Amino acid sequence: MKIEVLYSEVANLYGDLFNIHYLEKTIPNLTVYYTSLNDKPKFVEHKIDLIYMGPMMERFQEVIINKLKPYKKRIKELIENDTIFLITGNALEIFGSKIDDIKALGIFQYYSKRDFSYHHNSCFIGEFNDMKIVGFKSQFSYTYNNKNNFIKVINGYGMNEQDNNEGIRYHNFIATYLIGPFLIYNPPFTEYLLKLLKYDGNIAIKEAVYEAYNIRKEEYLADNLNFKH
Amino acid sequence: MFYVSLWLSKLYLFLTKNKMNDKAGSLALKLDKNFYRHIKKPNIVIAVTGTNGKTTTCNFLVDLLEKSGYKVTSNKEGANFLPGIAKALMKGVTLFNKAKVDIAIIEFDELGSKKVLPLINPTYIAVTNLFSDTMKRNAHTDYVFSKINEGLPKDSILVLNADDLISSQLGQNNKKIYFGIDKLKTDTKVNHSLVQDIRVCPKCYTPLEFSYFHYHHLGKANCPKCGFTNPLPKYNLTNIDYQNKTITINKEKYLLVNDSLFNIYNELLAITILKEIGVKNINESLKTLEIVKTRYNKIKIKNIEVISQMAKGQNPIAVSRALNYAKDLSGNKEVIIILDDIYDYEALDRSEVMSWIYDSDFEALNDPSIKKVIIGGFRAYDYKVRTLLAGVAPNKVFTSRSEVDTYKYLDLKKIDKVIIIHDIYLNKKALEIISKIKGELE
């Protein structure tokens with residue numbers, strides 16, 4: 001099985017690369033390609049099972065948009081053909097139509113707006129496919145006009161202050177603002193992702209991640225908590 | 001209105017016997033909106049900020065200057081924002097607003113630069129370093145860099161860390177003095193830490209080539225494409241002699257205060273500033289310099305050394321340094337970790353972001369000399385997952401919802417040292433654990 005991690009020298013904030021380290025601990029014989037800004041992405045010419053990109057400082061979004069622009073057609077084709085993408089944090093904004101006035105890849109029509117005067121932090125619990133999803137948000141931007149919802153909000157913020165849905169799901173393109181790392185904090189979803197990857201082994205340290213997940217899930221479902229502030 | 005403000009705040013300070021809070025400063029600012037403009041500042045104002053080490057550096061500076069005979073005011077008894085700084089300045093003048101101190105040492109928050117610096121117009125602004133910090137507040141280094149930069153007065157001299165390719169780029173138009181640590185035996189060619197806040201050239205985005213790392217991104221690098229590299233330090237630490245407890249800066253020997261590189265940077269910065277303002281006989285003052293006991297304490301109970309090391313929770317660099325420090329200590333050890341954000345947990349609109357544990361080097365705990373990792377607090381289960389992912393064997397990891405009860409898992413007959421890594425607000429719990437250990441051993 002092959003995973004490509006895009007631009008981890010800059011898209012590496014908030015411990016989110018542990019999404020990949022966790023998959024490495026879970027799946028034996030996994031090949032992970034770390035593609036640097038100077039490299040041609042592997043997915044252009046090779047079959048990759050999962051393409052990952054994580055959160056970054058905002059100035060790198062434009063750099064990455066320019067790096068990926070030549071491969072826009074290929075990315076679209078991969079998405080339509082059900083290649084799995086896992087995109088976390090503000091990396092998802094790169095695939096929309098624009099970020100403020102910066103023209104993004106335009107693969108989806110959603111757009112994002114930054115506000116450096118307000119740094120949003122919140123906890124989150126939501127639901128996807130009968131699974132409870134937990135996580136955190138820490139960001140300067142919101143995204144609007146997303147048509148491909150991923151997680152229904154139970155408590156917390158969606159893609160923006162009004163949206164009741166979090167993340168993007170289109171074919172197997174999965175993107176979310178939730179950091180965590182998402183896969184470690186959400187073992188049921190990770191098991192779902194493994195099914196998509198056609199891998200039938202157990203997730204790593206299953207008992208411990210489920211214990212932490214169950215405690216957090218119960219805590220976040222409490223009626224007296226309000227993550228919207 | 002200024003004198004009313006000055007006198008009443010001084011009276012308040014006198015009546016409340018200089019409590020560790022900023023109420024006198026708040027009062028002064030409330031009574032005179034232009035308090036900062038009116039208050040007489042000492043001849044030299046030194047402002048210190050940065051992700052890690054600013055409090056310790058300020059404490060060093062205050063102690064060393066006072067031991068050298070200078071009269072000093074500082075905000076070390078208060079917070080590092082406007083009221084705390086107002087209180088420090090107010091303490092530095094007479095009832096008739098005449099400066100009665102030579103120097104003010106002001107710690108300021110990185111995000112407060114724009115509000116604080118123009119009001120105090122520092123002679124020197126020292127920045128210890130810039131790293132990933134509490135993400136809830138500080139987001140990332142670009143954000144903090146821009147926040148510091150936007151407040152720098154043009155006449156202030158910046159004292160910057162040459163080994164830090166991020167903070168060394170501050171203040172394009174300011175005069176700058178750099179301090180740095182030369183290549184050391186303990187350096188690595190590869191960065192073994194998870195976080196490295198700069199990996200590509202800030203000018204052309206080409207991957208940087210590092211010739212060595214001290215820790216995280218501190219070290220020496222250059223860009224193979226455009227030549228971007230570290231500035232040259234005016235104050236260059238060339239040797240650390242751990243045995244004889246000395247450091248060498250520009251060929252002069254100084255006493256080593258604490259053997260962690262983290263604190264050696266703080267000492268180097270303090271010495272840099274002292275040299276710049278012409279302080280003599282620095283070694284004489286260094287002899288009796290200590291790190292504040294709430295931050296680091298070492299006691300021997302029977303045959304066991306118990307070390308408490310404060311590490312700001314949610315700060316991946318501080319926690320990584322503490323974890324590595326525990327690993328590097330000699331002997332067999334058990335490590336207690338209590339780092340929860342107790343205030344956030346009690347809030348109904350909580351906004352904890354636990355991701356920082358995945359930016360912290362828990363891998364350091366995966367060392368044969370560490371016999372147990374005992375984690376206390378309501379987030380113990382998250383830390384347990386992190387510790388297991390670092391490769392620590394499950395039979396070595398213990399959790400307890402109660403911080404103090406962690407001591408019950410210690411196996412004091414089999415070890416030489418206990419290291420308690422605790423958050424800034426869990427100092428009391430760390431002391432309770434120490435007294436429980438005392439009870440067990442005595």
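Below, read A as the first sequence line, B as the second, and so on, with proteins coming before strands; counting in each chain starts at 1. Note that this is a predicted model, so its numbers are computed, not measured.
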Identify which part of [X] has an atom lying under 4.5 Å from any heavy atom of chain B, answering side chain, backbone, both or neither.
{"X": "Tyr7(A)", "result": "neither"}
{"X": "Leu17(A)", "result": "neither"}
{"X": "Lys228(A)", "result": "neither"}
{"X": "Ile215(A)", "result": "side chain"}

Salt-bridge present ([X], [Y]; N to O < 4.0 Å):
{"X": "Asp382(B)", "Y": "Arg216(A)", "result": "yes"}
{"X": "Glu93(A)", "Y": "Arg114(A)", "result": "no"}
{"X": "Arg137(B)", "Y": "Asp109(B)", "result": "yes"}
{"X": "Asp344(B)", "Y": "Lys136(B)", "result": "yes"}
{"X": "Glu150(B)", "Y": "Lys147(B)", "result": "yes"}
{"X": "Glu363(B)", "Y": "Arg386(B)", "result": "yes"}

Checklist entry - Quick one: side chain to side chain donor-acceptor pair (under 3.5 Å) pairs with a partner in residues 10-20 of chain A, sequence neighbours left out? => result Asp16(A)-Thr88(A), Asn19(A)-Tyr52(A)
Below 4.5 Å from any heavy atom of chain A, which atoms of [X] appear? Answer side chain, backbone, both or neither.
{"X": "Ala380(B)", "value": "neither"}
{"X": "Val200(B)", "value": "side chain"}
{"X": "Lys384(B)", "value": "side chain"}
{"X": "Ser146(B)", "value": "neither"}
{"X": "Leu389(B)", "value": "both"}
{"X": "Phe378(B)", "value": "neither"}
{"X": "Ile198(B)", "value": "neither"}

Between [options], the one whose heavy-atom pairs under 4.5 Å with chain B are most numerous:
{"options": "Glu58(A), Lys25(A), Met57(A)", "value": "Met57(A)"}
{"options": "Phe116(A), Tyr22(A), Phe60(A), Tyr185(A)", "value": "Tyr185(A)"}
{"options": "Tyr213(A), Phe140(A), Phe227(A)", "value": "Phe140(A)"}
{"options": "Pro55(A), Ser122(A), Cys123(A)", "value": "Cys123(A)"}

Do the side-chain N and O atoms of [X] and [Y] include a donor-acceptor pair separated by under 3.5 angstrom?
{"X": "His120(A)", "Y": "Tyr142(A)", "result": "yes"}
{"X": "Ser167(B)", "Y": "Asn129(B)", "result": "no"}
{"X": "Thr51(B)", "Y": "Glu110(B)", "result": "no"}
{"X": "Ser360(B)", "Y": "Ser320(B)", "result": "no"}
{"X": "Asp164(B)", "Y": "His217(B)", "result": "yes"}

Checklist entry - Does Lys372(B) make a cation-pi contact with Phe398(B), if we ask for NZ or CZ under 6.0 Å from the ring centre and within 45° of the axis? => result yes
Item to check | Selection from Ser351(B), Ser355(B), Ala347(B) maximising heavy-atom pairs under 4.5 Å formed with chain A | outcome: Ser355(B)
Next on the checklist: Within this structure, what is the CZ-OH distance for the pair Arg350(B) and Tyr345(B), rounded to the nearest 0.5 Å?
Outcome noted: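 Output value for this atom pair is 6.0 Å.
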Checklist entry - Rounded to the nearest 0.5 Å, how far apart are CD1 of Ile148(B) and CG of Leu130(B)? => result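 So the gap between those two atoms works out to 4.5 Å.
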Item to check | Partner set under side-chain hydrogen bond (donor to acceptor under 3.5 Å, both in side chains) for Asn52(B), not counting sequence neighbours | outcome: Asn315(B)
Checklist entry - Is the ring centre of Phe85(A) less than 6.0 Å from the ring centre of Phe43(A)? => result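 No, they do not, as the ring centres are separated by 6.0 Å or more.
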Item to check | Per-residue contacts, residues 201-211 of chain A versus chain B, heavy atoms under 4.5 Å | outcome: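 Expected list: Ile205(A), Ala208(A), Val209(A), Glu211(A).
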Checklist entry - What residues of residues 26-38 of chain A sit under 4.5 Å from chain B when only non-hydrogen atoms are counted? => result Ser36(A), Leu37(A), Asn38(A)
